[in-house]
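Below: the structure, in C-alpha cells.
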Amino acid sequence: MKIVTAQEMRDIDRITTERYGVPSLTLMENAGRAAAEMVVENYPEARSIAVVCGKGNNGGDGFVAARHLHKMDRGVEVLLLADPEGLRGDAAEMYRQLGFAATIVKSEETISSNLQRAFAEADVILDAVLGTGFKPPVSPLYAKAIAAMNASKLPIVAVDVPSGADSDGMQPQSGEAIARADAAVTFTAPKPVHVFGDLVRGKTVVAPIGSPDEAIVSNLGLNVITPADYAAVLAARPLNSNKGMYGHALIVAGSFGKSGAAAMAGMACLRAGAGLATVATPKSVLTSVASYAPELMTESLAETADGTICEAAIWAIQELAKKMTVLAIGPGLTQNAETIQVVRELVRASEKPMVIDADGLNALVDQTEVLKDAKAATIITPHPGEMSRLCGISTKEVQADRVGIAKNFAASRYTIVVLKGDKTVIAAPSGETWINCTGNPGMATGGTGDVLTGILTGLLAQHPQDPLLCAIAAVHLHGMAGDLGRDRVGEISLIATDLIHALSGAFERAKKSLQKPWVPLN
Ligand SMILES: NC(=O)C1=CN([C@@H]2O[C@H](COP(=O)(O)OP(=O)(O)OC[C@H]3O[C@@H](n4cnc5c(N)ncnc54)[C@H](OP(=O)(O)O)[C@@H]3O)[C@@H](O)[C@H]2O)[C@@H](O)CC1
Ligand SMILES: [K+]
C-alpha cells in the first residue's frame, strides 16, 4: 500500500471529488463513520466517549464520528475548541448535522478544567483536533487541549493523525505538543507519520473512504506492507496438491556450537509451506540438527577442524543444489576462512534463487560485486551491523538513512535488500521500496534472523519466480508471528522458536485481514 504525503492526500481527495464525482461530504461521512466504528471495535466496553474537535476538517470527521457513536447508543460529548461560527465548508455542514449540542471550549483560562471535567465522565477520547492540515507550532489553546488529553488516563483514538504530529515526518516524533495515541484510524492511505512516527502504541488502520485505486498516486516511492500486498502467498492450495508443487529448499547452515541456527531456519522454512526442506550442515552437527524435527531432511558436509563447512564441500553442495528449487546460505556458518570461500563460490555459481544471511553476508564483505554477477535472483537479509560492513560505513550511518542505503545497495548490486530492524526496509533493484510495521522489541533476541531466513526461503520455494513478493510476505508474517508470540509469552521472554510456533497464527491473521474493510498496518 502506498504511503502518501499530506499534500498528496489533499490532491487525492480533490481528484476523487472532481474526477470521480464522490462529494467531499461523502468522504468526510465515510471517514467519521470509520473512526466511530474503530472506537467501538477497539473499546467495546466503552459507554461514554469524549470527542475533541478542532475547527478544520479533522474536527469535521469528529462531528460525524460523534453522530455515529450517539446512534450506536454510546454517551457522547463533543468538545469544540472553536467558535461554531468560525467553522467552514464540510466541517460546518457536519456540525449542523450533529443533532445534539456540543460543548464549546475556546477560552485558554477554562479549557483545562472543562476538558478534565468531560474526561472524568468518559471511557475513551477521540482526538479530532488536528489532522493533515496542521502547521506548527500548535496554538496555545490547542496545546492546552493536547496536554489535557495526554494527562488523562483514558485511551485515545487518533482521527487520521495524532494531533500536533507532522504528517510527513520520516523520523520518530515525540513531545508534549503531540497527542499520545493508543490507536489511530487514517483514511485512504497512510501518511509517513503512521509508518515512521512511533506515536501510536496500539493498532493503526487505514479505512478506505471512497477514492478509487487509480486516484491514489504518490511521488514518495514508498509502500507499507499489508496482507493484501501478498495475497498470492496466502491463497488456498488446489485440492490435488502434492509436495513437488511447493518446492524443495536447500539451507546451507550451521557449525559446531551453532546447530540451532540451521535447525530453526529449516523448521521455519517448513512452517512457511515449502514442500521439502533439506539442511546441509557440517558432519559433526548433523545429528543435532536432524534430531530437532523429523520432518527436516539433512545432508552431511565435509568440515574444517573447527566444525565449519570446508572448501571440499563445495562440489557436494553444488550437486545437491541442482535438484533444489531455491537455496539459503548463512545461518550459523561462522567466519572461518574456508567457509567464507564456500559462500563466495556458491553465490557466484548458483543458478537457483538464493537467500543470503548472517555469515553468508559477512563472507561477501569487500566482495559485493559478486551479487551483481549472480546468475539468479538474490535476496540479502542484513541487520544494520551486517549492512554497515557490506557498505563500508558505520552502523550509525546506516540507521540514519535506512531507506536510502537499502535502495542504493539494491540498485547497484541488483539484489533485493531486506534491511532488518525496527521498520524493516525492503528495497528491490527496480527502486520499489517497502516498509514493514509488524514486529516488536521482544524480537531482539538470538535466532529471530534465522527464522526470517527460513520463512523467506520457504516462501521462495513456493514462488521462485517472485522473490520480491516473498520478501515482503516473509518480513510481514515474521513480524506478525513475533507479535503473536509476544502476546502469549510477553516481550521479555519471547524467543526465536516462539515465532516458529506462532507462524501458523500469523498466516491465519493475515488471511482474515483480507476480509476486513480496514487495512491494519501492524
Ligand atoms: N476532503 C478532505 O479534504 C477530507 C479530509 N479529511 C479530514 O480532514 C483533515 C484535514 O483537514 P484540514 O485540511 O481542514 O486540516 P486540519 O487537520 O483539520 O487542520 C486545519 C485546521 O487547524 C487549524 N490549524 C492549523 N495549524 C494549527 C496550529 N498550529 N494550531 C492551531 N490550529 C491550527 C487551521 O486553522 P487556520 O490555520 O486555517 O486558521 C484549520 O482550521 C484530515 O486530517 C482528515 O481528518 C477527511 O474527512 C476526508 C476528506
Ligand atoms: K487528530
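Order of appearance sets the numbers: ligands from 1, and atoms from 1 within every ligand. Atoms considered below: every heavy atom in the structure, side chains included; atoms not considered: hydrogens, waters and symmetry mates. Nothing fancy with the numbering, it's 1 onward along the sequence.
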Check residues 458-470 and write down every donor-acceptor pair under 3.5 Å in which the side-chain atom is one partner and the other belongs to a residue at least two apart or another chain.
from   : atom 1 : to     : atom 2 : distance (Å)
Gln462 : OE1    : Arg237 : NH2    : 3.2
Gln462 : NE2    : Ala272 : O      : 2.8
Gln462 : NE2    : Gly458 : O      : 2.8
Asp466 : OD1    : Leu469 : N      : 3.3

Per-residue contact class, Leu130 against ligand 1 - non-hydrogen pairs under 4.0 Å
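Contact part for Leu130 vs ligand 1: both backbone and side chain.
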What part of Val161 sits under 4.0 Å from ligand 1 if we count only heavy atoms: the side chain, the backbone, both or neither?
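Within the 4.0 Å criterion, Val161 makes no contact with ligand 1.
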Which of the ligand 1 atoms, numbered from 1, are nearer than 4.0 Å to a heavy atom of [X]:
| X | value |
| --- | --- |
| Gly56 | 14 (O), 18 (O), 21 (C), 41 (O) |
| Gly131 | 16 (P), 17 (O), 43 (O) |
| Tyr142 | 31 (C), 32 (N) |
| Ile209 | 48 (C) |
| Lys135 | 25 (C), 26 (N), 27 (C), 28 (C), 29 (N) |

Kindly list each side-chain donor-acceptor pair under 3.5 angstrom involving residues 419-427, sequence neighbours excluded, with atom names and distances?
from   : atom 1 : to     : atom 2 : distance (Å)
Lys420 : NZ     : Asp357 : OD1    : 3.3
Lys420 : NZ     : Thr381 : O      : 3.1
Lys423 : NZ     : Asp198 : OD1    : 2.7
Thr424 : OG1    : Gly421 : O      : 3.0

Suppose we measure from atom 41 (O) of ligand 1 to each protein heavy atom; which comes out shortest, and what is that distance?
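Checking every protein heavy atom, the shortest distance to atom 41 (O) of ligand 1 gives Lys55 CG, 3.2 Å.
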For atom 4 (C) of ligand 1, what is the nearest protein heavy atom, given as residue, atom name and distance?
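The closest one turns out to be Asp13 OD2, 3.4 Å.
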May I ask you to check whether [X] has an N/O atom sitting below 3.5 Å from an N/O atom of ligand 1?
| X | answer |
| --- | --- |
| Gly133 | yes |
| Pro136 | no |
| Ser24 | no |
| Asp160 | yes |

Protein non-hydrogen atom found under 4.0 Å from atom 29 (N) of ligand 1:
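There is a protein heavy atom less than 4.0 Å from atom 29 (N) of ligand 1.
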Which atom pair, heavy atoms only, marks the closest approach of Arg201 to Arg180?
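Distance-wise, the nearest heavy atoms are NH2-CD, 3.5 Å.
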Any salt bridge between Arg14 and Asp11, counting N to O under 4.0 Å?
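Salt bridge flag = yes for Asp11 with Arg14.
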Got a list of side-chain donor-acceptor pairs under 3.5 Å for residues 442-450, not counting sequence neighbours?
from   : atom 1 : to     : atom 2 : distance (Å)
Thr448 : OG1    : Met443 : O      : 3.0
Thr448 : OG1    : Thr445 : O      : 3.2

Protein N, O or S within less than 3.4 Å of the K ion (ligand 2), waters excluded
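Protein N/O/S atoms under 3.4 Å of the K ion (ligand 2): Asn58 OD1, Asp127 O, Leu130 O, Val159 O, Val161 O, Ser163 OG.
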So, Lys191 and Thr132: side-chain donor and acceptor under 3.5 Å apart, yes or no?
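No - no donor-acceptor pair under 3.5 Å links their side chains.
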